[in-house]
Number of protein chains: 2
Amino acid sequence: MRKPREEMIAETRAKLIAAGRHAFGTVGYAGSSMDDFTGHAGLTRGALYHHFGDKKGLLQAVIREIDAEMTVRLHRISSAAPNRWQGFVDECVAYIEMALEPEIQRIMFRDGPAVLGDISQWPTNNGCIAALSGSIDQLKADGVMADIDTEGAARLINGASSHAALWIANSDDPEGTSKRAVRGFRILLEGLRTRS
Amino acid sequence: MRKPREEMIAETRAKLIAAGRHAFGTVGYAGSSMDDFTGHAGLTRGALYHHFGDKKGLLQAVIREIDAEMTVRLHRISSAAPNRWQGFVDECVAYIEMALEPEIQRIMFRDGPAVLGDISQWPTNNGCIAALSGSIDQLKADGVMADIDTEGAARLINGASSHAALWIANSDDPEGTSKRAVRGFRILLEGLRTRS
DNA sequence: ACCACTTACATACGTGGCGTATGTCTAAGA
DNA sequence: TCTTAGACATACGCCACGTATGTAAGTGGT
């Protein structure tokens, strides 16, 4: 047992993040009682305040974790495609699909921005925007994409994707709406391709 | 004095909506104390609960009011343009600019969706989406816009616009960022035009 | 190996804000 | 004029957050 101490601490943090993530993702940030979900994790609010300062601090940590996961997933998908443009389109569609997951939708697109402000402006920049920007830069270098401001394009696409996801998720017919959204989205992206 | 009664009631409602709108727009929904802003309007929470049921109900009323105003503004702008396509582009840019106003941004794009869910899915449909859809339909009929799902396009554009606005608003250099965003946005829209 | 000090939590308390139940007063109808 | 319903105020309870305080365990210096 060289360092059981730090392990315990890390475990406590992880438990709090997991409990908060679950609570925020299901009943929402405002609907989550700190006593409840810390107790459910076998701890108290004391631990939470010690590690994260306040409720917002925990939300921030949860968001960081989810963002990191999303970035990895996006990167995997884009790099698995046969060519760059295809990878880019796949990445965008995957982003929409991720935004359909209730936990991501709630925490990353609803409560997160409402409580903490625009997340993508954080010092530790939003990984998803960065991933998108990287793809766009490569496409521009390849001459496949029109000359457009990289970060701007990334943000516009990001916005279109997340709203598309909200539209789908709240629709009466999610599957049908999903097809409509993705089809329109492909047309939108196609418009950014250099004309042959 | 034919109907002083109904006038008083309408006035009370208006006062509550105005007070709530101001509070929500400045300190946010969660940061607004009902006792505070009703008191500031010369009333109490009793009036609020009577007219709007709860805090959410007032937010809903506030959002309806703002949405109506935005719809009028958008319609004015699009109909003032020399041609349809121009009107459409103007409308979209105006939408971004409106989304830059702190009150609209906070209430319509942050707290509103967080507290009430996706507003645009409400029975009384979001006026801005409807306005955009109308413009797109006309452009398609004119053969100026590519064949794309109308509502889908409206929502994608809506999402891109609002995120662009957030990007600008939280930027260090709002003016420069605004130019970047609008330029990129024009390119995006141009991609939806039928190829000549 | 002992002691001072810090760290990692738990417990206890105060405060503020929401919702509801209840009260009161005024206007409208019979 | 009397009754009734609507418009609003007042009062109360509860829950949740944040903070202040307590405690036990670990760590570094001598």
Side-chain angles (χ1 to χ4, degrees), chain A residues 1-63 106-107 111-112 114-116, chain B residues 1-63 107 111-112 114-117:
Chain A
M1 290 195 205
R2 189 75 188 88
K3 287 182 179 177
R5 170 83 173 192
E6 292 187 7
E7 281 176 23
M8 291 302 292
I9 295 171
E11 194 176 327
T12 297
R13 280 184 59 98
K15 275 198 274 191
L16 287 171
I17 291 178
R21 176 172 176 168
H22 181 257
F24 296 159
T26 49
V27 294
Y29 178 81
S32 299
S33 160
M34 298 168 75
D35 279 323
D36 279 2
F37 69 78
T38 54
H40 196 278
L43 296 161
T44 69
R45 277 183 337 194
L48 193 153
Y49 277 99
H50 178 72
H51 284 290
F52 303 101
D54 59 356
K55 201 180 179 185
K56 284 184 181 180
L58 179 62
L59 178 61
Q60 214 161 11
V62 167
I63 286 178
R106 182 103 209 202
I107 298 177
D111 294 351
V115 175
L116 302 171
Chain B
M1 293 194 203
R2 192 73 188 88
K3 287 183 180 178
R5 172 81 169 188
E6 293 187 8
E7 281 177 23
M8 292 301 291
I9 295 171
E11 196 176 326
T12 297
R13 280 184 60 98
K15 274 198 275 191
L16 287 172
I17 291 179
R21 177 173 175 167
H22 180 257
F24 296 159
T26 49
V27 293
Y29 178 82
S32 299
S33 160
M34 299 168 74
D35 280 321
D36 280 1
F37 70 78
T38 54
H40 195 278
L43 294 162
T44 67
R45 279 186 338 205
L48 193 152
Y49 278 98
H50 179 71
H51 284 290
F52 302 101
D54 59 357
K55 200 181 181 185
K56 285 184 180 178
L58 178 62
L59 177 61
Q60 214 162 11
V62 168
I63 286 178
I107 298 177
D111 294 352
V115 176
L116 302 171

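Convention: sequence-line order gives letters A, B, ...; per-chain numbering from 1.
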*What are the two closest heavy atoms between Lys55(A) and Tyr29(A), and how far apart are they?*
NZ-O, 3.0 Å
*Given dG19(C), dC8(D), dC9(C), the nucleotide with the shortest approach to the side chain of Ala47(B)*: dC8(D)
*Using only side-chain N and O atoms of Thr44(A), determine if any of them is under 4.0 Å from OP1 or OP2 of dT11(C).*
no
*Atom pair CZ (Arg106(A)) and CG (Asp111(A)), whose distance is rounded to the nearest 0.5 Å*: 5.0 Å
*Run the numbers on Gln60(A) and Phe52(A) for side chain to side chain contact (heavy atoms under 4.5 Å, CB included), then give the verdict.*
CA-CA 9 Å; Gln60(A) 214 161 11; Phe52(A) 303 101; over 6 Å; no
*Figure out the NZ/C1' separation between Lys56(B) and dG19(C), and round it to whole Å.*
13 Å
*For Ser32(B), report the nucleic acid contact type (base, sugar-phosphate, nothing); a contact means any heavy atom under 4.0 Å.*
sugar-phosphate
*asked:* Nearest whole Å is fine: how far is dT19(D) P from His50(A) NE2?
replied: 15 Å
*Answer yes or no: are there more than 12 heavy-atom neighbours, outside His51(A) itself, under 6.0 Å from its atom NE2?*
yes
*Could you tell me the separation between the CZ atom of Arg45(A) and the P atom of dC13(C), rounded to a whole number of Å?*
13 Å
_Protein-nucleotide distance (Glu7(B), atom CD; dT26(C), atom P), rounded to Å_ = 19 Å
_Using whole Å, what does the distance between atom C1' of nucleotide dA7(D) and atom NZ of Lys15(B) come to?_
13 Å
_Pairwise 5' ranking along DNA chain D for Ala30(A) and Arg13(B), keeping only the more 5' one_ = Arg13(B)
*Between dC8(D) (C1') and Asp35(B) (CG): distance, integer Å*: 14 Å
*With a 4.0 Å cut-off on heavy atoms, is Ser33(A) in touch with a base, just the backbone sugar-phosphate, or nothing at all?*
sugar-phosphate
*Quick one: is His51(B) getting a side-chain N or O under 4.0 Å of the dA7(D) phosphate, OP1 or OP2?*
no
_Atom-to-atom span, CG of Leu48(B) to P of dT10(D) - whole angstrom_ = 15 Å
*With a 4.5 Å limit on heavy-atom distance, are the side chains of Phe37(B) and Leu58(B) in contact?*
yes
*Rounded to whole angstroms, how far apart are OH on Tyr49(B) and P on dA7(D)?*
18 Å
